[in-house]
**Student:** 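Below you'll find the structure I mean.
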Amino acid sequence: MRVRKITLREIHLRLLSPFETSFGRQDLRRILLVEAEACGAIGWGECTAGETPFYSYETVETAWHILRDHLWPIVRRREIGSAAEVWDLLAPVRGHNMAKAALETALWDAEAQSKGIALAKLLGGTREEIPCGVSIGIQPSLAELVAKVERELAAGYQRIKIKIKPGHDIEPVRALRERFPQIRLMADANSAYRLEDAPLLQRLDEYYLMMMEQPLGWDDIFSHAQLQRQIATPICLDECIHDAEQARAAIECGACRIINIKLGRAGGHTGARRMHDVCREKSIPVWCGGMLESGIGRAHNVAMSSLENFSLPGDVSASRRYWDEDIIEPEVEVSREGSIRVPSAPGIGYAPRRDRIESLTRHREVLE
Ligand code: OSB
Ligand code: MG
C-alpha cells in the first residue's frame, strides 16, 4: 500500500456526564482523528491522547506534532507491504505510542476495506461477541455510586470497575460489596498510591476484587512486583505497559497477573497483538481498556477484542453511555447479556458520519 494523503482533525465532543479519576475530572473530550487514504480506501483512526499529560505524557498537541512532523514523513511516498509493517517502520520515533496508533489503526482499517473483509478477521480475531464491563468514575456520594452500579448491572454489563484514590477506597468498595456480594467487581487507582500504602491496599483483599488496576507509579513495574507479594488481590497493569517486552518483564517479575491492553498505549494493532500473544504464552488473561473514545476508537477496540485471549470483560461499552450522539453509524450497542457483536462489514464495520464529523471539527490539517 501507499499512503496518498492523511487528514488530521480535532473534534470536540461533550461527555454526557463528567468522568472523574484520581488524576482529575473532565466533561469535554478533544479528540484527534486521522483519516488516511491508502490502497484505494479511506481508513479512520482515533488518537487516545488526552487534553492533559496526566494519564500519560502524550496530549492532543504532542500527538499532532509527532504525526505531522515525524510519522507522516516516514510513511509518505513509501511502498508498504501491509498495515502489519507500520509499527516497525515507525520504531525510529521513540515512544509517542498514541500518535503512532492513530495512524497505524487508520491504515489497518483501509487495508481491511480494500480486501473487503472485517478488520477483526484481518487481525486474526475469532470471537463473534465480546464481553463488556463498565468503568465508573468517582461519584459525588456513595448513594450515587450504588445507584449507578445498579443501573449498569440492570443494563446487562458483566463486570463493574470503579475508580479509587486515597481517601476514597475502602468505603466505596465495602459499600458495593455489601450491596452486591456476587458481582465481578474491580478497582482502578490510576497510579494514586505508593508502595508505603501496602497495608491499606491489603485491607481491600477482604472484598475479593477481581483485580486492582495500576495502584502504583505509571512507569514503575518493580514496585508493583513488591506490592503483588504483599496482597492477594491480583494486580492488573495499565499505565506501565507500552510494548510486548514490558509485558513480558512485568509478568516474569511477578508485577501483575492480568494486563489491560489499550491500542493507544500499545502503539496500534500490531503492538497490541504482540502484547496479547506474550500474555497468552504466559497464561495471563487480558482485556481491552478504554479511553473515553468516540465511535472510531471504540470500533477499533471491538475489533481488537475479538482476539482469543481477550477473555475478561473489557471497558468497551455502548456509545450511549458517553455521547448523546456518536460519530459512527450504527452506534456501538450492548446486548441485554452485556456483550457487543463484532461487526462483519469490511474495515472497522461501522460507518463514520462525515457530516457530523465535519460539524464537530475545530481544526484540520491535510498532508499530501
Ligand atoms: O485508566 O482505564 C483508565 C479513562 C481515561 C483514562 C484512563 C482510564 C479511563 C477509564 C475509562 O477507565 C474507560 C472507558 O470507559 O473508556
Ligand atoms: Mg486504568
Side-chain angles (χ1 to χ4, degrees), residues 13 15-31 46-60 97-98 101 130-139 145 148-149 152 155 157-165 185-193 209-220 224 234-242 250 256 258-266 272 286-302 304-305 312-323 326 331-332 334 338 340:
L13 269 183
L15 286 161
L16 278 177
S17 55
F19 191 79
E20 184 173 340
T21 65
S22 63
F23 56 76
R25 181 183 160 93
Q26 74 178 134
D27 53 17
L28 178 80
R29 289 285 351 263
R30 294 174 50 206
I31 299 174
E46 174 166 342
C47 181
T48 59
E51 298 72 15
T52 52
F54 300 157
Y55 166 83
S56 88
Y57 58 79
E58 292 188 80
T59 64
V60 177
N97 282 4
M98 293 173 173
I130 62 164
C132 307
V134 287
S135 174
I136 299 178
I138 292 171
Q139 300 297 308
L145 176 63
K148 199 142 200 176
V149 169
E152 304 293 10
Y157 286 103
Q158 302 184 34
R159 77 84 170 105
I160 300 290
K161 154 169 149 184
I162 63 162
K163 295 289 188 178
I164 56 170
K165 65 177 182 182
L185 181 64
M186 60 174 289
D188 184 359
N190 288 111
S191 298
Y193 297 89
L209 297 176
M210 261 181 114
M211 68 193 93
M212 183 192 302
E213 189 177 340
Q214 193 73 36
L216 308 179
W218 71 277
D219 59 349
D220 185 359
H224 281 97
I235 291 177
C236 168
L237 290 178
D238 172 354
E239 281 89 330
C240 273
I241 309 296
H242 301 91
C256 63
I258 299 171
I259 289 181
N260 162 345
I261 299 183
K262 290 180 179 168
L263 275 169
R265 184 162 37 71
V286 303
W287 53 276
C288 178
M291 293 292 288
L292 310 175
E293 289 95 341
S294 79
I296 307 272
R298 207 163 286 280
H300 279 285
N301 287 342
V302 171
M304 174 177 76
S305 301
L312 299 174
D315 277 347
V316 186
S317 57
S319 299
R320 67 149 172 270
R321 291 189 63 251
Y322 304 83
W323 322 114
D326 205 336
E331 300 202 341
V332 174
V334 170
I340 296 173

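Computed over heavy atoms, backbone and side chain alike; hydrogens, waters and symmetry mates excluded. We count ligands from 1, going down the list as the structure has it; atoms in each ligand are counted the same way.
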**Student:** Give the name of the N/O/S atom in E213 that lies closest to the Mg ion (ligand 2).
**Tutor:**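 For E213, the N, O or S atom at the smallest distance from the Mg ion (ligand 2) is OE2.
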
**Student:** Quick one: does D238 get an N or O within less than 3.5 Å of an N or O on ligand 1?
**Tutor:** yes

**Student:** Just let me know how N190 lines up against ligand 1, side chain, backbone, both or neither, with a heavy-atom cut-off below 4.0 Å.
**Tutor:**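 Near ligand 1, N190 shows its side chain, while the N, CA, C and O stay back.
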
**Student:** Would you please test H300 and E46 for side chain to side chain contact (heavy atoms under 4.5 Å, CB included) and show each step?
**Tutor:** CA-CA 9 Å; H300 279 285; E46 174 166 342; 5.9 Å; no

**Student:** Name the residue from Q214, E239, R265, K161 that meets the side chain to side chain donor-acceptor pair (under 3.5 Å) definition with N260.
**Tutor:**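 Among Q214, E239, R265, K161, the one that satisfies the side chain to side chain donor-acceptor pair (under 3.5 Å) with N260 is R265.
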
**Student:** For D315, which of R298, R159, K262 qualifies under salt bridge (charged side-chain N to carboxylate O under 4.0 Å, His left out)?
**Tutor:** R159

**Student:** Ignoring hydrogens and angles, tell me if any N or O in the side chain of E152 forms a donor-acceptor pair with the backbone of Y157 under 3.5 Å.
**Tutor:** no

**Student:** So, 4.0 Å and heavy atoms of Q214: is ligand 1 close enough to count as a contact?
**Tutor:**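 Outside the 4.0 Å threshold, so no.
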
**Student:** With heavy atoms only and a cut-off of under 4.0 Å, state how V134 meets ligand 1: side chain, backbone, both or neither.
**Tutor:** neither

**Student:** Looking at I136 and I160, what are the two nearest heavy atoms and their distance?
**Tutor:**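 Minimum heavy-atom separation between I136 and I160: CD1-CG2, 4.0 Å.
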
**Student:** Can you name the atoms of ligand 1, numbered from 1 with element, that are less than 4.0 Å from a heavy atom of K163?
**Tutor:**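 Reading through ligand 1 atom by atom, the close ones are 1 (O), 2 (O), 3 (C), 8 (C), 9 (C), 10 (C), 12 (O).
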
**Student:** What residue and atom, counting heavy atoms only, is the protein's closest point to atom 16 (O) of ligand 1, and at what distance?
**Tutor:** L292 N, 2.9 Å

**Student:** What is the nearest protein non-hydrogen atom to atom 6 (C) of ligand 1, stated with its residue, atom name and distance?
**Tutor:** M291 SD, 3.6 Å

**Student:** Taking a cutoff of less than 4.0 Å between a non-hydrogen atom of the residue and any ligand atom, is K161 in contact with ligand 1?
**Tutor:** yes

**Student:** Is the backbone N or O of F23 less than 3.5 Å from a side-chain atom of N190, with the two atoms forming a donor-acceptor pair by type?
**Tutor:** no

**Student:** Quick check: of its N, O or S atoms, which one does D188 have closest to the Mg ion (ligand 2)?
**Tutor:** OD2

**Student:** Apply side chain to side chain contact (heavy atoms under 4.5 Å, CB included) to residues K148 and S17 and explain how you reach the verdict.
**Tutor:** CA-CA 12 Å; K148 199 142 200 176; S17 55; 3.8 Å; yes

**Student:** Around atom 13 (C) of ligand 1, find the nearest protein heavy atom and jot down its residue, atom name and distance.
**Tutor:**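 Here the closest protein heavy atom is G290 O, 3.4 Å.
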
**Student:** Is the number of heavy atoms from other residues, nucleotides or ligands under 6.0 Å of R30 CZ greater than 12?
**Tutor:** yes

**Student:** Using a 4.0 Å cut-off to any heavy atom of E213, which atoms of ligand 1 qualify?
**Tutor:** 2 (O)

**Student:** What atoms in ligand 1 come closer than 4.0 Å to a heavy atom of Y55?
**Tutor:** 7 (C)

**Student:** Considering all heavy atoms of both residues, which atom of R321 and which atom of S135 are nearest to each other, and what is their separation?
**Tutor:** NH2-O, 3.6 Å

**Student:** Are any of the N or O atoms of R321 closer than 3.5 Å to those of ligand 1?
**Tutor:**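 No, no N or O pair falls under 3.5 Å.
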
**Student:** Between Y322 and S317, is a side chain to side chain donor-acceptor pair (under 3.5 Å) present by the stated rule, with each step listed?
**Tutor:** CA-CA 9 Å; Y322 304 83; S317 57; 3.0 Å; yes

**Student:** Starting from the Mg ion (ligand 2), look over the N/O/S atoms of D238 and name the nearest one.
**Tutor:** OD2

**Student:** For a side chain to side chain contact (heavy atoms under 4.5 Å, CB included) check, start with the C-alpha distance between Q26 and F54, then their side-chain angles and the critical distance, and finish with the verdict.
**Tutor:** CA-CA 12 Å; Q26 74 178 134; F54 300 157; over 6 Å; no

**Student:** Closer than 4.0 Å to some heavy atom of K262 - which atoms of ligand 1 meet that?
**Tutor:**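 So the atoms of ligand 1 that pass are 1 (O), 2 (O), 3 (C), 7 (C), 8 (C).
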
**Student:** Tell me which protein heavy atom sits closest to atom 15 (O) of ligand 1, plus the residue, atom name and distance to 0.1 Å.
**Tutor:** Y322 OH, 2.4 Å

